[in-house]
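The shown structure was predicted, so the numbers you read here are calculated from the model rather than taken from an experiment.
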Amino acid sequence: MHKDDITYLQRAIELAAEHSQDGRHGPFGAVIVKDGEIIAEGWNAVVDSHYPTAHAEVAAIRAAARRLGTHELNDCTIYASCEPCPMCLAAIYWARIDRVVYAATKEDAAEIGFDDSMLYEEMARDWNERRLDSAQALRGPAREAMQAWATNPKKLHY
């Protein structure tokens, strides 16, 4: 643990407690820190916003990216009141955040009805074994669009 980890983690927990009091927000908060400064905060707003991906970590990542003017959040740490779900963990990786510090565990979240175990299980399965009905088609045209991007000298790398 770094010197200020507890302070930043406490702020994430405060956001979770504060924003879930009204019952419209889930009990999750997150802050992103760069160079010893909180640059973004987020809290769960899934039900209130009618937006399934409005998790605390995703909200904080969006705010940090806007503030820094980049999608790469290198040299940042995200502090979350709870262990990130698979979606949030993927977003953390995509944002290139260097470090995650969390308080409650996924088991703690499951105890109050936020059970992500199905998601972890589904992600480990092959497509043809998942619960979600899926099909593949038009691979050729999709690959052509991808190749056009890959050879475009104007493309922005990420």
Side-chain angles (χ1 to χ4, degrees), residues 1-127 129-134 142 146 149 155-158:
M1 285 276 210
H2 293 128
K3 179 176 98 178
D4 297 321
D5 283 345
I6 299 303
T7 300
Y8 299 131
L9 199 52
Q10 285 174 326
R11 178 60 185 152
I13 294 167
E14 287 171 8
L15 289 167
E18 176 185 335
H19 289 280
S20 64
Q21 286 178 3
D22 63 8
R24 297 182 340 214
H25 300 89
F28 305 101
V31 299
I32 296 179
V33 173
K34 182 171 183 157
D35 299 327
E37 176 189 355
I38 294 177
I39 60 166
E41 298 182 338
W43 49 89
N44 181 288
V46 170
V47 175
D48 189 50
S49 69
H50 309 293
Y51 190 56
T53 62
H55 289 204
E57 297 90 338
V58 171
I61 289 169
R62 286 181 177 178
R66 275 193 304 272
R67 179 168 178 189
L68 297 178
T70 181
H71 61 280
E72 294 183 355
L73 302 180
N74 307 73
D75 303 320
C76 289
T77 299
I78 189 165
Y79 295 86
S81 64
C82 187
E83 182 176 352
C85 74
M87 177 189 70
C88 291
L89 185 58
I92 290 165
Y93 276 109
W94 278 115
R96 295 173 178 85
I97 292 174
D98 293 341
R99 188 165 176 259
V100 177
V101 179
Y102 63 91
T105 66
K106 61 185 177 188
E107 291 80 15
D108 297 327
E111 285 179 16
I112 62 165
F114 293 91
D115 189 357
D116 297 331
S117 61
M118 182 275 294
L119 295 174
Y120 287 100
E121 292 166 9
E122 286 289 295
M123 297 296 285
R125 293 185 173 123
D126 288 329
W127 271 103
E129 297 174 353
R130 292 182 182 168
R131 295 183 201 180
L132 183 63
D133 186 26
S134 61
M146 293 168 77
W149 176 87
K155 74 176 177 260
L156 299 176
H157 290 277
Y158 65 95

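Going from atom CD of E121 over to atom CG of L119 covers 9.0 Å, rounded to the nearest 0.5 Å. Distance check, rounded to the nearest 0.5 Å: CG of D5 to CZ of R99 gives 4.0 Å. Taking NZ of K106 as the reference point, atom CD of E83 lies at 5.0 Å (rounded to 0.5 Å). Separating the CG atom in D133 from the CH2 atom in W127 is a distance of 10.5 Å, to the nearest 0.5 Å. Atoms CD and CG, from Q10 and L15 in turn, are 12.0 Å apart once rounded to the nearest 0.5 Å. To the nearest 0.5 angstrom, C82 atom SG is 7.5 Å from I112 atom CD1.
Put simply, the side chain of M87 does not reach to within 4.5 Å of the side chain of E57, judged on heavy atoms. Put simply, the side chain of T53 reaches to within 4.5 Å of the side chain of R62, judged on heavy atoms. Between E41 and Y79 the shortest side-chain heavy-atom distance does not fall below 4.5 Å. When side chains are defined from C-beta on, S20 does not count as touching N44, because their heavy atoms never get closer than 4.5 Å. Contact of the M146 side chain with the W149 side chain is not registered, since no non-hydrogen atoms from C-beta on lie closer than 4.5 Å.
Around atom NE2 of H2, no more than 12 heavy atoms belonging to other residues, nucleotides or ligands sit under 6.0 Å away. Atom NZ of K3 is surrounded by 12 or fewer heavy atoms from other residues, nucleotides or ligands within 6.0 Å.
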Next on the checklist: Evaluate T70 against E72 for side-chain hydrogen bond (donor to acceptor under 3.5 Å, both in side chains), listing each step before the verdict.
Outcome noted: CA-CA 5 Å; T70 181; E72 294 183 355; 5.1 Å; no

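Between I13 and A103 the shortest heavy-atom distance is CD1-CB, 3.9 Å. Heavy-atom minimum distance, C88 versus P84: CB-CB, 4.0 Å. Here the closest non-hydrogen pair linking C76 and I39 is SG-CD1, 4.0 Å. Nearest heavy atoms, Q21 versus A17: CG-O, 3.2 Å. Closest of all the heavy-atom pairs between G42 and A59 is CA-CB, 4.0 Å. Among all heavy-atom pairs drawn from I97 and I78, the shortest one is CG2-N, 3.9 Å.
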Give the table of side-chain donor-acceptor pairs shorter than 3.5 Å for residues 25-35, with sequence neighbours excluded, one pair per line with atom names and distance.
{"residue": "H25", "atom": "ND1", "partner": "H19", "partner atom": "O", "Å": "3.1"}
{"residue": "H25", "atom": "ND1", "partner": "D22", "partner atom": "OD1", "Å": "3.2"}
{"residue": "H25", "atom": "ND1", "partner": "D22", "partner atom": "OD2", "Å": "3.1"}
{"residue": "H25", "atom": "NE2", "partner": "D48", "partner atom": "OD2", "Å": "3.4"}

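Checked by atom type and distance alone, the side chain of D98 pairs as donor or acceptor with a backbone atom of D75 at under 3.5 Å. Looking only at distances, a side-chain donor or acceptor of E122 sits under 3.5 Å from a matching main-chain atom of R131.
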